[in-house]
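Quick notes on the structure that follows.
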Amino acid sequence: ADGSPVAGATVILHTGGSNKTTSDAQGRFRLEKIAPRAWAYPLWAHQGNLVTQIAEVRPIKTADPAIARFAPLRLEMTEGRQAHFVVTSEITKQPIAGAAIRFGYPDRRLVTTDDRGEATVSGLMPASPFGGVYDVTIEAEGHARQAPILKLSATESVTNVQAALVAGGIVQGTVRDVDGKPVPEVLIIYRIGNETGFYGDAFRSDAEGKFRHRFLPLDTPIAVSTE
């Protein structure tokens, strides 16, 4: 908070997906090819355990409404919050090394656990339009995925998450048309009960129409749909 530039900060402009860039040695950043729209884009940044609040970025009026231009922006970083994960196996009762911890909207990140089954994610926003709440998915080979909702502590700098993964299996298949020909690029959605749908190893079927999910629970009805 001394006004010094922050190099290497990840800057995120949420455009429906996440448009990312990295600040340079002078703390400067640039995002290009942003589509014009009437309402604001949310933008924020993090580096280490430093994080900004959400900035609402609106296009300025120009002679050509098809081109979006934005006024220069200054972001101020402050100390953020951390989430510390410990991932174990219900099968072996041991820590799981190499488990993938994926953050979804609004801040898509990926970290993997160390040999002790631990990982720490820094630079999280304790209070924002998202209320310090993050969607998280935890996956490890041979185990079923877990998708906890991470709610950051309102009082502690570190929120601890314990995840014990049960045994899991694989669902795979091929999308075919009425003539039996493989269909590529089909969106594949998995759903358990009334839960929100989720994706597998890839969002869409591959060039041969194939799809797969490696981290699904055993003895559990799973609906697989296409779009």
Side-chain angles (χ1 to χ4, degrees), residues 1 3 5-81 83 101-111 121-137 147-152 183-191 194-206 211 225-227:
V6 178
T10 299
V11 183
I12 305 162
L13 181 75
H14 202 274
T15 57
S18 290
N19 192 325
K20 295 185 178 182
T21 190
T22 304
S23 63
D24 65 16
Q26 286 75 45
R28 296 174 301 193
F29 63 91
R30 183 181 179 89
L31 293 156
E32 299 183 341
K33 298 181 180 179
I34 308 302
R37 72 183 193 186
W39 62 99
Y41 287 106
L43 181 144
W44 67 98
H46 60 79
Q47 199 276 341
N49 200 37
L50 296 175
V51 66
T52 69
Q53 289 299 312
I54 299 286
E56 297 290 329
V57 182
R58 298 180 182 276
I60 58 178
K61 292 183 179 181
T62 64
D64 185 351
I67 299 175
R69 297 191 183 279
F70 301 86
L73 183 68
R74 180 183 177 90
L75 299 175
E76 183 174 317
M77 308 193 85
T78 58
E79 199 74 12
R81 297 288 174 85
I101 301 171
R102 304 177 190 276
F103 276 55
Y105 180 85
D107 188 358
R108 302 186 190 282
R109 304 197 212 179
L110 169 64
V111 298
V121 179
S122 301
L124 300 174
M125 291 179 286
S128 70
F130 312 112
V133 177
Y134 291 83
D135 292 330
V136 177
T137 302
I149 299 298
L150 172 63
K151 296 182 179 180
L152 296 178
V183 183
E185 293 298 315
V186 175
L187 190 67
I188 310 295
I189 301 172
Y190 303 80
R191 185 173 282 103
N194 294 323
E195 296 179 5
T196 302
F198 53 90
Y199 301 108
D201 293 13
F203 289 170
R204 299 180 181 274
S205 56
D206 66 14
F211 61 90
S225 60
T226 61
E227 291 184 6

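Side chains included, hydrogens not; waters and symmetry mates left out as well; all remaining heavy atoms used.
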- Under the salt bridge (Lys or Arg N to Asp or Glu O under 4.0 Å) rule, collect the residues that match up with Arg191, sequence neighbours excluded.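 In terms of salt bridge (Lys or Arg N to Asp or Glu O under 4.0 Å), with neighbours along the sequence ignored, Arg191 is linked to no residue.
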[X] versus [Y]: any side-chain heavy-atom pair under 4.5 Å?
X      : Y      : result
Leu152 : Tyr134 : yes
His46  : Ile12  : yes
Leu124 : Arg109 : yes
Leu43  : Val11  : yes

- Message: Go through it in stages, so that I can follow the logic: the residues are Phe70 and Ile60, the test is side chain to side chain contact (heavy atoms under 4.5 Å, CB included), and I'd like the CA-CA distance, side-chain angles, deciding distance and then a yes or no.
- Response: CA-CA 6 Å; Phe70 301 86; Ile60 58 178; 5.9 Å; no
- Message: Tell me if a side-chain donor or acceptor on Thr21 pairs with a main-chain N or O of Leu31 at a distance below 3.5 Å.
- Response: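 No; judged by distance alone, with no hydrogens or angles, the pair does not exist.
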- Query: Only one of Asp206, Ile188, Leu187, Val186 forms a side chain to side chain contact (heavy atoms under 4.5 Å, CB included) with Phe211, so which one is it?
  - Reply: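 The residue from Asp206, Ile188, Leu187, Val186 that satisfies side chain to side chain contact (heavy atoms under 4.5 Å, CB included) with Phe211 turns out to be Ile188.
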- Show your working on salt bridge (charged side-chain N to carboxylate O under 4.0 Å, His left out) between Glu56 and Arg58 and close with a plain yes or no. CA-CA 7 Å; Glu56 297 290 329; Arg58 298 180 182 276; 5.5 Å; no
- Would one find more than 12 heavy atoms of other residues, nucleotides or ligands at under 6.0 Å from atom NZ of Lys151?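 Not buried by this count: 12 neighbours or fewer within 6.0 Å.
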- Message: Quick check for you: to the nearest 0.5 Å, what is the distance between Lys20 atom NZ and Thr15 atom OG1?
- Response: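 Rounded to the nearest 0.5 Å, the NZ-OG1 separation comes to 11.5 Å.
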- Query: Of all residues at least two apart in sequence or in a different chain, which pass the side chain to side chain contact (heavy atoms under 4.5 Å, CB included) check with Ala147?
  - Reply: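 Listed in chain order: Thr137, Arg145.
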